Structure formats: structure tokens, C-alpha cells
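Chain letters run A, B, ... following the sequence lines, proteins first, then strands; residues in each count from 1. Source: prediction; values computed, not measured.
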2 protein chains.
Amino acid sequence: MRYSNEHKQQTRERLLSSSGALAKRGGFSSTGVAGLMKAIGLTGGAFYNHFPSKDDLFTEVVRQELHNSPLARLATQGASRERLGRCLQQYLSLAHLHNAESGCPLPPLGVEIARAAAPVREEAEHWLVDLHQAWSATLEDDQLAWVLISQCVGALMVGRMLATEHVQSQVLDASRQFVEKALHEVG
Amino acid sequence: MRYSNEHKQQTRERLLSSSGALAKRGGFSSTGVAGLMKAIGLTGGAFYNHFPSKDDLFTEVVRQELHNSPLARLATQGASRERLGRCLQQYLSLAHLHNAESGCPLPPLGVEIARAAAPVREEAEHWLVDLHQAWSATLEDDQLAWVLISQCVGALMVGRMLATEHVQSQVLDASRQFVEKALHEVG
DNA sequence: GTCTATACGATGATAGAC
DNA sequence: GTCTATCATCGTATAGAC
């Protein structure tokens with residue numbers, strides 16, 4: 001074979017990573033297969049050597065984005081309350097708001113996940129339940145864990161809909177202070 | 001003229017309302033002009049008698065959806081804390097989660113608003129700032145108002161990404177109880 | 001494995017008949 | 001104002017050369 005299996009695997013990984021970033025920035029359905037391939041220096045025709053369809057790519061993109069999410073890393077390690085707090089302060093930052101392509105997949109891909117077929121939503125649910133379980137253990141509060149997850153996703157969504165950085169900062173500041181207060185109150 | 005100006009205005013309003021629902025259900029960019037027109041019993045060619053482009057329709061859809069939002073009605077009338085509470089309990093219901101086409105435009109259209117041109121985001125910002133101001137007045141707490149807005153949008157987004165109603169209920173219940181508690185604590 | 005070429009449908013938008 | 005017909009472009013996906 002002119003190309004090693006290792007090369008194919010690397011191409012697949014580059015495609016997944018690049019497509020995740022492009023999807024988070026401009027939307028998955030809005031980005032054509034040709035554009036996704038061009039972003040890693042290939043042409044559209046080569047795509048189908050790696051995925052049977054664009055929908056399959058979306059499934060894998062969601063899987064990989066969730067797996068690589070900074071929030072998920074908090075879940076696997078039993079994180080301390082302080083570690084969780086530092087992570088959420090970063091999450092609720094202007095830097096994160098302005099860089100969707102390298103940030104959490106939930107706000108930019110959430111709607112497309114919501115409208116996707118059952119397997120994608122099952123993947124998302126499993127990941128969210130794991131995350132919730134980990135945060136619940138840290139916070140010793142089942143409900144607060146869901147509230148914080150919703151708060152983070154919502155604040156980023158609302159912030160990104162706004163036109164001026166001034167108001168974006170208001171939203172993020174309010175969320176950040178609320179999260180910090182909530183983390184110190186319980187337990 | 002074979003058609004009255006009143007008829008044209010009615011057609012425009014039907015198109016706006018119908019397109020809003022379709023966009024909230026399946027996404028605006030995913031729904032073609034032909035589909036939007038067919039939903040009100042017309043063909044695609046007639047669209048451009050009402051809007052110069054599909055992008056212009058999106059701008060007007062966002063405007064109308066925000067204007068007609070139940071949340072907005074709370075803003076205009078200086079609402080009591082009890083009224084705000086009842087509204088948010090409805091907002092955070094399974095009925096709302098399962099009926100995006102008749103619900104709040106922020107969760108289903110938020111990402112497309114975030115990626116839209118400045119005029120659309122300015123419209124959204126203006127509306128959100130008004131909403132925030134009204135809730136701040138009711139709650140006597142600027143930051144809590146942003147926290148509650150983010151909480152509602154985030155909980156619905158997260159809930160809609162989930163696969164099973166069981167977990168969806170968990171998320172909504174947690175948010176609902178948090179909101180109720182927050183409304184009674186302050187002031 | 002990647003390329004070019006291509007099939008085929010859907011898209012946003014326009015032109016002209018009614 | 002709405003229709004049908006049409007254009008140009010883009011979408012996903014496939015076929016065959018290299």
C-alpha cells in the first residue's frame with residue numbers, strides 16, 4: 001500500500017479535530033464536505049475513505065469533542081471544589097466566549113445535537129450524566145450540579161448572541177460570581 | 001390591483017409567524033425558501049415579493065419572535081416577583097422543552113443569532129438588555145437577573161440535547177427549584 | 001489514499017405569464 | 001401577488017485514474 005494504516009488514522013484524527021473546530025465556529029451543517037477536507041489540505045473526494053457519510057462524521061465529531069472537553073477531564077479525575085471553581089472561571093471568560101472553535105462543544109453544537117438522531121443524543125446524555133455525577137460528588141448536591149451545567153452553557157449562549165463586549169462582560173461576570181458563590185456556600 | 005395591500009401585509013405576517021416556528025423547530029438555515037412558502041400555501045417564487053433576501057427574513061423573524069416572546073411581555077409590564085416565578089416555571093417545563101416551534105426563540109435560534117451579522121445581534125442585545133432591566137427592577141438584583149436568564153436558556157438547551165425524558169426532567173426540576181428558591185431569597 | 005470529473009438534487013434568486 | 005420555468009451555485013456522494 002502506498003499509504004500506511006498509521007497515515008490513514010492520522011488523517012482521520014486531523015479531520016475530526018479540524019471539523020470539530022470548524023463546526024463549533026460556523027455550524028456543522030453549514031460547512032460542506034469540501035470545506036472540511038480543504039481545511040486539512042485535502043479535496044472533497046477523499047472524505048469518503050474515512051467516513052461513510054457526513055452524518056457519521058458528525059456523530060464522531062460530537063464524540064471526540066465531548067471526550068476532549070476540559071469539562072470532561074474534570075469528571076474523570078475526582079476534582080476538588082477549588083479545581084472545579086478555577087475551571088468554571090475559565091469557562092465563563094471572554095476568551096472562551098470569543099473562541100468558540102477551541103471551546104466547549106455544548107453551546108455551539110447543542111442545537112444541532114438536539115436535532116440529531118437518537119444515537120448522537122444518547123452519546124450527549126451519557127456524557128452529561130457522567131459529568132453531572134462527578135460534579136454532584138464534588139459538590140454533594142445533585143441539583144446544584146445540573147444548575148451549574150445549565151448556567152455555564154446558558155451564559156455562553158446568551159453572551160455570544162450579544163453585539164457588544166460591554167454587555168457580554170456583564171453576563172459573564174454575573175454568572176462567574178454566582179458560580180463562585182454557589183461553590184463556597186454548599187457542603 | 002388584484003390583491004389589496006391588506007392582503008400583502010397579512011401574507012407577510014403569516015410568513016413571519018410560520019417561518020419563526022419552522023426555524024425554531026428545524027433551524028433557519030436548514031429550511032429552504034420553498035419550504036417556508038409552502039408552509040403557508042404558496043410557492044417559492046412569491047417569496048421575493050415580501051423580502052429582498054432570505055437573510056432579511058431572518059432579521060425580521062428574530063425581531064418578531066423576540067417581540068412576541070412571553071418573556072418579553074413580562075418585561076413591558078412591571079411584573080411582580082410572583083408573576084415572574086409563574087412564568088419561569090412554565091418556561092422550565094417539559095411542555096416547553098418538547099415544543100420548540102411555539103416556545104422561546106433564544107435556545108433554538110441562539111446559535112444562528114450568534115453567527116449572524118451585527119444588526120441581528122444588536123436587535124438581540126437590545127431586547128436582552130430590556131429584559132434584564134425589567135427583571136432587575138423586579139428582583140432588585142442586577143446580577144441575579146442575568147443569572148436567571150442564562151439559567152433558563154441553558155437548561156432548555158441542555159435538556160433538548162438529552163435522549164431520555166427521565167434525565168430531561170432532572171435538569172428542568174433542578175433549574176425550576178433553583179429559580180424558585182432564588183426568587184424568594186432576594187429582596 | 002487522494003485526486004479529478006461527474007452525477008444528481010437542493011439551494012437562493014430572477015424573469016415573465018397571468 | 002402568485003405562479004411556473006429557469007439560472008447559477010452549491011450540496012452530498014460516487015467512479016475511475018493515479
Check the distance between [N]'s [atom2] and [X]'s [atom1] and give it to me in whole angstrom.
X	N	atom1	atom2	result
H50(B)	dG12(C)	NE2	P	17 Å
F51(A)	dG1(C)	CZ	P	13 Å
K38(B)	dC3(D)	NZ	P	12 Å
L42(B)	dT4(D)	CG	P	11 Å
E6(B)	dG1(D)	CD	C1'	15 Å

Fill in the blank from the handout: Residue set satisfying ring pair (Phe, Tyr, Trp, His ring centres under 6.0 Å) with H96(A), at least two apart, ordered chain then number -> Y91(A)
Handout entry: Side chain of K8(B) (C-beta onward), nearest among dC3(C), dG1(D), dT4(D)
Key =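 Out of dC3(C), dG1(D), dT4(D), the nucleotide with an atom closest to K8(B)'s side chain is dG1(D).
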Handout entry: Nucleotide nearest T43(B) when distance is taken to its side chain, options dC3(C), dG1(C), dC3(D)
Key =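 In terms of side-chain proximity for T43(B), the closest of dC3(C), dG1(C), dC3(D) is dC3(D).
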Exercise for the section: Sorted by first residue and then second, give each side-chain hydrogen bond (donor to acceptor under 3.5 Å, both in side chains) pair with at least one member in residues 144-156 of chain B; sequence neighbours left out. Expected result: Q151(A)-Q151(B), Q170(A)-W146(B), H132(B)-W146(B), Q151(B)-S175(B)
Exercise for the section: Report which part of the nucleic acid G41(B) touches: base, sugar-phosphate, or nothing (heavy-atom distance under 4.0 Å, all strands). Expected result: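 Sugar-phosphate contact only - G41(B) comes under 4.0 Å of backbone atoms but never of a base.
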Practice task
Taking atom CD of E180(B) as the centre, report whether more than 12 heavy atoms of other residues, nucleotides or ligands fall under 6.0 Å from it.
Solution key: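 Yes, CD of E180(B) has more than 12 neighbouring heavy atoms, counting only those of other groups under 6.0 Å.
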Handout entry: Qualifying ring-ring contact (aromatic ring centres under 6.0 Å, His included) pairs with a residue from residues 98-129 of chain B, counting only residues at least two apart or across chains
Key = none
Fill in the blank from the handout: Residues pairing under ring-ring contact (aromatic ring centres under 6.0 Å, His included) where one sits in residues 155-181 of chain B, two or more places apart or in two chains, turn out to be F178(A)-F178(B)
Nucleotide N/O to protein N/O under 3.5 Å, stretch nucleotides 9-13 of chain D:
| from | atom 1 | to | atom 2 | distance (Å) |
| --- | --- | --- | --- | --- |
| dT12(D) | OP1 | K54(A) | NZ | 2.7 |
| dT12(D) | OP2 | V33(A) | N | 2.7 |
| dA13(D) | OP2 | Y48(A) | OH | 3.0 |
| dA13(D) | OP2 | K54(A) | N | 2.9 |
| dA13(D) | O5' | Y48(A) | OH | 3.4 |

Practice task
Please identify each residue that fulfils side-chain contact (heavy atoms from CB on, under 4.5 Å) with R86(B), with sequence neighbours left out.
Solution key: E82(B), R83(B)
